[in-house]
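Step one of this worksheet: look at the structure below.
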Amino acid sequence: MTTAPWRDPALPAAARVDDLLSRMTLEEKTAQLYGVWVGASTDGDGVAPHQHDMTVDYEWDELITRGLGQLTRSFGTAPVDPALGAQALARAQRRIIEAGRFGIPAIAHEECLAGFTAWQATAYPVPLAWGATWDPPLVEEMARRIGDDLRSAGVHQGLAPVLDVVRDPRWGRVEETIGEDPYLVGTVGAAYVRGLESAGVVATLKHFAGYASSAGARNLAPVRAGIREFADVTLPPFEMALREGGARSVMAAYTERDGVPASADPELLTGLLREEWGFTGTVVADYFGIGFLQTLHRVAGTPAEAARAALEAGIDVELPSLKCYGDPLVDAVRSGEIPEELVDRAARRVLLQKCELGLLDEDWTPEPAAAVELDSTRNRILARRLAEESVVLLDNPDGLLPLAPDTRIAVIGPRAADALAMLGCYSFPSHVLTHHPGVPTGIEIPTVLDALRTELPDAKVTFAPGCDVTDPDTSGFEEAVARTAEADVCVAVLGDRAGLFGRGTSGEGCDATDLALPGAQGELLDALVATGVPVVLVLLTGRPYALGRWHGRLGAVVQAFFPGEEGGPAVAGVLSGRVNPSGRLPVSVPQVPGGQPWTYLQPPLGLAGEVSNLDPTPLYAFGHGRSYTTFAWEDGTGGEEPAEIGTDGTYDVSVTVRNTGDREGAEVVQLYLHDPVASVTRPDVRLIGYQRVRLAPGDAARVLFRFHTDLSAFTDRSGRRVVEPGALELRLAASSADVCHTAHLTLTGPVRVLGTDRRLRCETEVSTVG
């Protein structure tokens, strides 16, 4: 029996795919360019925008005779036992193989934003919590575990990470982001990509690009970002995740910038992504994003016109359906409306990726190689560690924390006894199970109340919810105040409820009018403080909320960004002192709730000044976080006299960090750049390096940052990325507002124009000090 060249694994992938394409009909080629979503809801209560009116009817048995590009969310659509789900997916793949002439299986994709979005799968902390750890190696380990679980179930592609940089914290999807700084987002995001890809799963970067810069913080609103914001804030995390992480897929954003939807932008998806950055993987549409070119953006009059615009721009795969790349595309090619070369270009990229995944090999099998266990003990241990590192102690002015082991504690608040308070919008219980009442969560999720009782068995713990998350009813205040008055300390557990499209206070389509605590929670906190009993505020949220109203009136403030299934014990561990808090803010916490959405990346006019009565200075700065131990920063290099280096030079700046307290702890040494004078306005400070350092009592470490001038580059008036001569300051800091040491530089020489080979990362070295 002669094997066709496309089946021969000894041949180069390109040769195999060229041979296969030459044998395929138009219908078979287009079939590789779309997915189907078996079991997707067609009512008005779905898990994707406009799901109810964008789903296309099809006859499965007839459809798969052409082949199939993608299978959409076999595990993430309804609760299914993982082992049975893996078997069902394998059966579906067998049917696809047997029905088509070429026997090519589909790529199965799933959401994996905070773990595999499947029933009984580990729910890890959300990406904003990853940012709060400032610990890329730990995030990489988590992603590798997620990838292993995906592969064990037969899944090839994960729709994560989100690399949008927060520009307005009122946006509902802040919880899905890593933070408000492109360097933090890029380094942590690249680590996630490395982990997922190392497990053999295709990582999908989203949302490319500019989604988080939507006007008014409204989901899927127009993007007002200018050229320099786009180039210097929006794009760098994607470039880092591609260059350093090796991501093999990119998802086009829903939004439009300056009148051009991302899904129809060849300058973005082809010119920048492929021709300038050299990306060779697949570009996939966000769910129904190609159809939205017709229905929402109105830059196409028909599904065929939308298909042409998307193909010309560079979108290879329509997800999750075949509304545009199905029959409308076939008919348009047959009529000469769309060149077949566009289909061939996209199909070649899809088939190359399938070849990389082994899906073109004759010996490929869809059956699971081993038992499917998605919430193993190893996973839970890792989820606990991530949660513990992500908890941020914002304030503890009088040392109220840790709590005494035998104290009387009133636990108050609507988030204290609710397991879903730990989970973000893209966790399976919050994302899917809300549509399946009565189905158990499938995983154990201790609440803060339960975990605190376990953590402090000798304490007397009472509880009252006080109010709901969103309901303005205050009838529960009386009981809450009574329980507090009887206690030595009150732990007020407040925050968000994750949901979709207005069904929560945080999550996709759950945008906020301001940054006041939702519902009556702010009034509840006022009532608790008024008792005179010390109040520890614990926030379980998907975004920062304004806390200036209570500054100086609280015993302590603890922030946790949806810390996952092990978040309750992690928070309780911080309250008891078992865990020394080491999280640092990935977003600023504002003073006041309304009128001035703000991130720390501000030029001079974005800072407080004499020309306005509004002061946007945050209450807690980006990078802020406290500990139960103390650290001394000693012997910083560089002084007041500027060191001279060329515009293509390097400079080492270092500091010794010593644990001067009585317990082990972790400090996060941060390096910021200040550019006093430039040809365009620049952020007053911006992060260019950081290093998390864990130290035992009395121990010290020398942290060295190897600064390269590429890290000072920005986009000039002509659109070039340049390094300019002149003065710079390198600020070693515990947060963006807490500078411990400054090194002064003068860059000499000509303006230097950078290309895509520029350095993206500040190399760091840590050495033990005797």
Side-chain angles (χ1 to χ4, degrees), residues 128-136 165-166 169 177-185 187-188 389-397 539 543-548 551-552 556-561 574 580-591 598-602 606-608 615-634 636 653-661 665-674 683-695 703 705 729-743 762 764:
L128 197 60
W130 312 347
T133 70
W134 295 63
D135 192 347
V165 178
V166 175
T177 74
I178 295 166
E180 67 182 42
D181 178 86
Y183 188 82
L184 181 65
V185 174
T187 48
V188 174
E389 285 196 9
S390 73
V391 176
V392 185
L393 178 61
L394 294 180
D395 218 348
N396 191 29
L539 291 166
R543 63 163 64 85
Y545 283 101
L547 301 179
H551 187 55
V557 184
V558 175
Q559 172 70 65
F561 297 109
V574 167
N580 190 356
S582 60
R584 300 294 185 267
L585 284 175
V587 285
S588 309
V589 172
Q591 291 262 6
W598 197 89
T599 74
Y600 93 103
L601 290 175
Q602 296 295 323
L607 305 175
D615 183 353
T617 306
L619 180 63
Y620 301 110
F622 173 81
H624 168 82
R626 300 196 183 280
S627 171
Y628 293 150
T629 190
T630 55
F631 298 96
W633 293 39
E634 307 165 350
V653 59
S654 60
V655 68
T656 295
V657 178
R658 187 177 305 278
N659 184 342
T660 55
E667 178 69 298
V668 178
V669 183
Q670 302 161 43
L671 179 65
Y672 292 87
L673 177 76
H674 171 69
D684 184 57
V685 293
R686 63 182 177 91
L687 184 72
I688 60 168
Y690 63 91
Q691 181 64 52
R692 183 184 176 94
V693 183
R694 180 165 290 280
L695 295 168
V703 181
F705 295 96
E729 292 180 11
L730 300 179
R731 297 177 176 177
L732 290 161
S735 78
S736 59
D738 184 7
V739 177
C740 300
H741 182 76
T742 299
C762 188
T764 309

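The shown structure was predicted, so the numbers you read here are calculated from the model rather than taken from an experiment. Residues: numbered from 1 along the sequence shown.
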Supply the atom-to-atom distance [X] [atom1] to [Y] [atom2], rounded to the nearest 0.5 angstrom.
{"X": "Arg694", "Y": "Asn580", "atom1": "CZ", "atom2": "CG", "value": "7.5 Å"}
{"X": "Trp598", "Y": "Asp615", "atom1": "CH2", "atom2": "CG", "value": "9.0 Å"}
{"X": "Glu180", "Y": "Leu601", "atom1": "CD", "atom2": "CG", "value": "6.5 Å"}
{"X": "Arg686", "Y": "Ser736", "atom1": "CZ", "atom2": "OG", "value": "14.0 Å"}
{"X": "Leu671", "Y": "Tyr183", "atom1": "CG", "atom2": "OH", "value": "8.5 Å"}

With a 4.5 Å heavy-atom cut-off, do [X] and [Y] have their side chains touching?
{"X": "Ile688", "Y": "Leu730", "result": "yes"}
{"X": "Tyr690", "Y": "Pro136", "result": "yes"}
{"X": "Val558", "Y": "Leu394", "result": "no"}
{"X": "Leu687", "Y": "Phe622", "result": "yes"}
{"X": "Arg692", "Y": "Ser582", "result": "yes"}
{"X": "Val669", "Y": "Thr764", "result": "no"}
{"X": "Leu585", "Y": "Phe561", "result": "yes"}
{"X": "Tyr672", "Y": "Thr742", "result": "no"}

Could you tell me which non-hydrogen atom of [X] sits nearest to which non-hydrogen atom of [Y], and how far apart they are?
{"X": "Cys740", "Y": "Trp633", "result": "CB-CE3, 3.5 Å"}
{"X": "Val185", "Y": "Ile178", "result": "O-CD1, 3.8 Å"}
{"X": "Val165", "Y": "Pro182", "result": "CG2-CA, 4.0 Å"}
{"X": "Phe631", "Y": "Gly665", "result": "CZ-C, 3.8 Å"}
{"X": "Pro616", "Y": "Gly606", "result": "CG-O, 3.6 Å"}
{"X": "Ser654", "Y": "Leu732", "result": "O-CD1, 3.8 Å"}

Taking [X] for its side chain and [Y] for its backbone only, find out whether a donor-acceptor pair lies under 3.5 Å.
{"X": "Thr660", "Y": "Thr630", "result": "yes"}
{"X": "Gln670", "Y": "Ala734", "result": "yes"}
{"X": "Arg731", "Y": "His674", "result": "no"}

Can you tell which of Asp684, Asp181, Thr617 makes a side-chain hydrogen bond (donor to acceptor under 3.5 Å, both in side chains) with Tyr600? Asp181
The salt bridge (Lys or Arg N to Asp or Glu O under 4.0 Å) partners of Glu667 (sequence neighbours excluded) come to Arg584
Passes side-chain contact (heavy atoms from CB on, under 4.5 Å), Leu547 versus Leu619? Steps please. CA-CA 7 Å; Leu547 301 179; Leu619 180 63; 3.7 Å; yes
Under 3.5 Å, is there a donor-acceptor pair linking the side chains of Tyr628 and Asn396? no
Polar side chain donor-acceptor pair, Arg543 to Tyr545, under 3.5 angstrom: yes
Positive for side chain to side chain contact (heavy atoms under 4.5 Å, CB included) with Pro590, one of Pro169, Pro618, Pro544: Pro544
